[in-house]
Amino acid sequence: LRALEDACIRDAVKQQEAIGLQVVTDGEMRRDYWHLDFTGQLDGVTLKAPVGMTFNAEDVPPMATITGKLGCSKPVFADHFRFLKSVAKATPKLTIPAPAALHFRGGRNAIARDVYPDLKEFWADTAAAYRKAIAQIAAAGCNYLQLDDVSFAYLCDSKVRENFRANGDDPATLHHDYANAITAALKDKPAGMTVTVHTCRGNFRSTWFASGGYNDEVIEAMFSTPVEGYFMEYDTERAGGFEPLRRLPKGKKVVLGLVTTKSGTLEKKDVLKRRIDQAAKYVPLENLCLSPQCGFASTHHGNALSEAEQWRKLERVVEVAREVWN
């Protein structure tokens with residue numbers, strides 16, 4: 001299996017570089033799920049059948065349940081990154097789930113009360129575990145880390161907020177908890193490491209979970225985190241307008257996820273350029289970028305598009321970026 005993964009990663013990296021991407025990933029070829037392969041390796045985490053928020057699809061992923069004290073007693077994904085770095089000519093990037101991944105699906109009900117009667121201790125241990133994991137990833141040579149955090153976009157959906165209440169959480173404060181967890185997790189990050197945050201409304205087998213434009217309070221909390229940029233879903237009307245981008249702090253970047261990963265339909269260049277122009281009313285063009293809205297397969301199940309369609313979409317991103325920013 002490892003040899004097959006290695007071969008697939010080499011091919012994926014080679015193709016990313018061939019179409020002109022300046023930053024490449026390993027395609028998460030070694031993972032079953034975008035988040036569980038990471039969280040499941042942390043101390044105190046058990047993967048169980050989901051409760052509460054679930055996709056409207058069969059074979060939904062399990063969820064991280066906290067059954068013991070959180071920690072990071074062994075490196076997670078450091079070996080994945082070392083291999084990527086060894087085969088990449090372009091800048092290698094690693095993606096890991098943000099700290100909120102240990103909370104947002106099951107909430108208070110998925111955190112053992114006898115282990116964490118006070119959630120303040122849970123968040124403190126979460127941050128400490130992440131600091132250790134990030135230090136190990138940095139030691140492997142990683143200078144570009146992406147934290148995937150669907151929670152900020154989810155919290156802009158009234159149905160999701162109601163589910164949080166049912167799980168014993170207050171959605172009016174969770175965006176602060178999640179932002180503070182990122183800030184604490186990055187407390188000791190190396191000065192030379194670039195970190196970004198990605199948020200979307202779900203991407204499981206081309207289905208989605210949440211809808212609703214970016215809430216000003218939620219997005220302000222996300223923008224308060226000490227990272228260099230934000231990858232934000234904007235491929236459908238479910239994401240709302242670009243107005244919330246006016247809250248972006250000066251000097252930070254927003255990567256507009258205008259290209260959908262849920263279908264093989266190729267976006268037209270003039271449509272993408274028009275939407276970039278619309279976003280530029282709120283953020284200077286030099287602080288905007290373009291990307292797909294999410295991964296082309298957040299889980300091993302894949303999405304409803306072919307590999308060829310995936311590469312054509314990435315080529316379209318490069319084509320438009322060169323015409324807009326060069």
Side-chain angles (χ1 to χ4, degrees), residues 4-5 7-35 37 54-61 90 93 95 146 148 150 153-154 198-213 231-242 254-279 288-325:
L4 183 58
E5 291 170 345
C8 289
I9 291 168
R10 285 192 184 96
D11 289 345
V13 169
K14 184 178 180 180
Q15 183 69 5
Q16 288 173 80
E17 293 174 340
I19 65 176
L21 292 178
Q22 297 175 1
V23 175
V24 299
T25 76
D26 64 1
E28 301 182 5
M29 298 288 187
R30 305 193 198 279
R31 307 186 202 181
D32 278 341
Y33 299 96
W34 66 272
H35 54 331
D37 295 74
T54 59
F55 283 85
N56 185 23
E58 297 177 359
D59 192 21
V60 295
K93 176 174 76 169
T95 63
Q146 177 177 305
D148 291 327
V150 301
Y154 275 34
H198 165 263
T199 191
C200 75
R201 292 161 180 76
N203 183 42
F204 177 61
R205 296 171 64 182
S206 290
T207 63
W208 51 273
F209 188 88
S211 62
F231 287 76
M232 299 176 64
E233 175 186 321
Y234 267 115
D235 63 323
T236 71
E237 66 280 355
R238 288 186 296 104
F242 296 117
V254 164
V255 186
L256 301 170
L258 300 175
V259 175
T260 190
T261 62
K262 291 181 169 62
S263 78
T265 303
L266 184 63
E267 287 77 4
K268 296 180 179 179
K269 289 202 289 186
D270 61 335
V271 173
L272 294 175
K273 290 178 181 179
R274 185 165 61 249
R275 299 207 68 204
I276 292 169
D277 287 341
Q278 293 170 351
L288 292 174
C289 307
L290 175 66
S291 79
Q293 149 267 337
C294 193
F296 288 96
S298 296
T299 74
H300 66 83
H301 308 81
N303 276 7
L305 75 168
S306 70
E307 186 175 354
E309 289 169 333
Q310 164 198 275
W311 290 118
R312 188 68 193 100
K313 282 174 175 280
L314 287 173
E315 289 170 353
R316 178 53 48 91
V317 169
V318 174
E319 290 168 358
V320 172
R322 284 173 173 165
E323 293 176 13
V324 171
W325 285 283

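Since the structure is predicted, the reported quantities are computational estimates derived from the model, not experimental observations.
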ask   = Is any side-chain heavy atom of Thr95 less than 4.5 Å from a side-chain heavy atom of Glu28?
value = yes
query = Are Leu21 and Val318 side-chain neighbours, meaning at least one heavy-atom pair lies under 4.5 Å?
reply = yes
inquiry  = For Leu256 versus Ala279, what's the shortest heavy-atom pair and its separation?
reply    = CD1-CB, 3.7 Å
message = If you define the side chain from C-beta out and look only at heavy atoms, does anything of Arg316 sit under 4.5 Å from Trp311?
response = no
query = Counting heavy atoms not belonging to Lys269, are there more than 12 under 6.0 Å from its NZ?
reply = yes
inquiry  = Using a 3.5 Å distance criterion without hydrogens, assess whether the side chain of Gln15 forms a donor-acceptor pair with backbone atoms of Asp11.
reply    = no
task = Give the C-alpha distance, both sets of side-chain angles, the deciding distance and a yes or no for side-chain contact (heavy atoms from CB on, under 4.5 Å) between Val259 and Leu272.
result = CA-CA 8 Å; Val259 175; Leu272 294 175; 4.1 Å; yes
query = Heavy-atom distance under 4.5 Å between the side chains of Gln146 and Thr25, does that happen here?
reply = no
query = Can a salt bridge be assigned to the pair Glu5 and Arg31 using a cut-off of 4.0 Å between side-chain N and carboxylate O?
reply = no
request  = Apply side-chain contact (heavy atoms from CB on, under 4.5 Å) to Gln278 and Arg274, showing your working.
outcome  = CA-CA 6 Å; Gln278 293 170 351; Arg274 185 165 61 249; 4.1 Å; yes
query = Any side-chain heavy-atom pair from Glu309 and Ser263 closer than 4.5 angstrom?
reply = no
message = Nearest 0.5 Å, please: how far is SG in Cys294 from NZ in Lys262?
response = 6.5 Å
key: Heavy-atom side-chain proximity of Leu288 to Phe242 below 4.5 angstrom   = no
message = Does atom CD (Glu323) have a neighbourhood of more than 12 heavy atoms from anything else shown, all under 6.0 Å?
response = yes
key: Straight-line distance of Arg312 CZ to Thr265 OG1, nearest 0.5 Å   = 13.5 Å
message = Any side-chain to backbone donor/acceptor pair from Tyr234 onto Gly241? Under 3.5 Å, distance only.
response = yes
request  = Looking only at non-hydrogen atoms, find the nearest pair between Arg275 and Leu258 and report the distance.
outcome  = NH1-CD2, 3.5 Å
query = What's the shortest heavy-atom distance between Glu233 and Cys200, and which atoms?
reply = OE1-CB, 3.1 Å
key: Residues which pass ring pair (Phe, Tyr, Trp, His ring centres under 6.0 Å) with Phe231, listed by chain and number, not counting sequence neighbours   = none
remark   = Rounded to the nearest 0.5 angstrom, the CD-NE2 distance for Gln293 and His198 is 6.0 Å
remark   = What one should report as the nearest heavy-atom pair of Ala90 and Val24 is CB-CG1, 4.0 Å
request  = With the side chain counted from C-beta on, respond yes when Val317 and Lys313 share a heavy-atom pair under 4.5 Å apart, and no when they do not.
outcome  = no
inquiry  = Measuring only between side-chain heavy atoms, which start at C-beta, is Ile9 closer than 4.5 Å to Arg30?
reply    = yes
message = Using every non-hydrogen atom in the two residues, find where Met29 and Cys8 come nearest and quote the distance to one decimal.
response = CE-O, 4.0 Å
remark   = Looking only at heavy atoms, the pair that brings Phe296 and Thr260 closest together is CE2-O, 4.5 Å
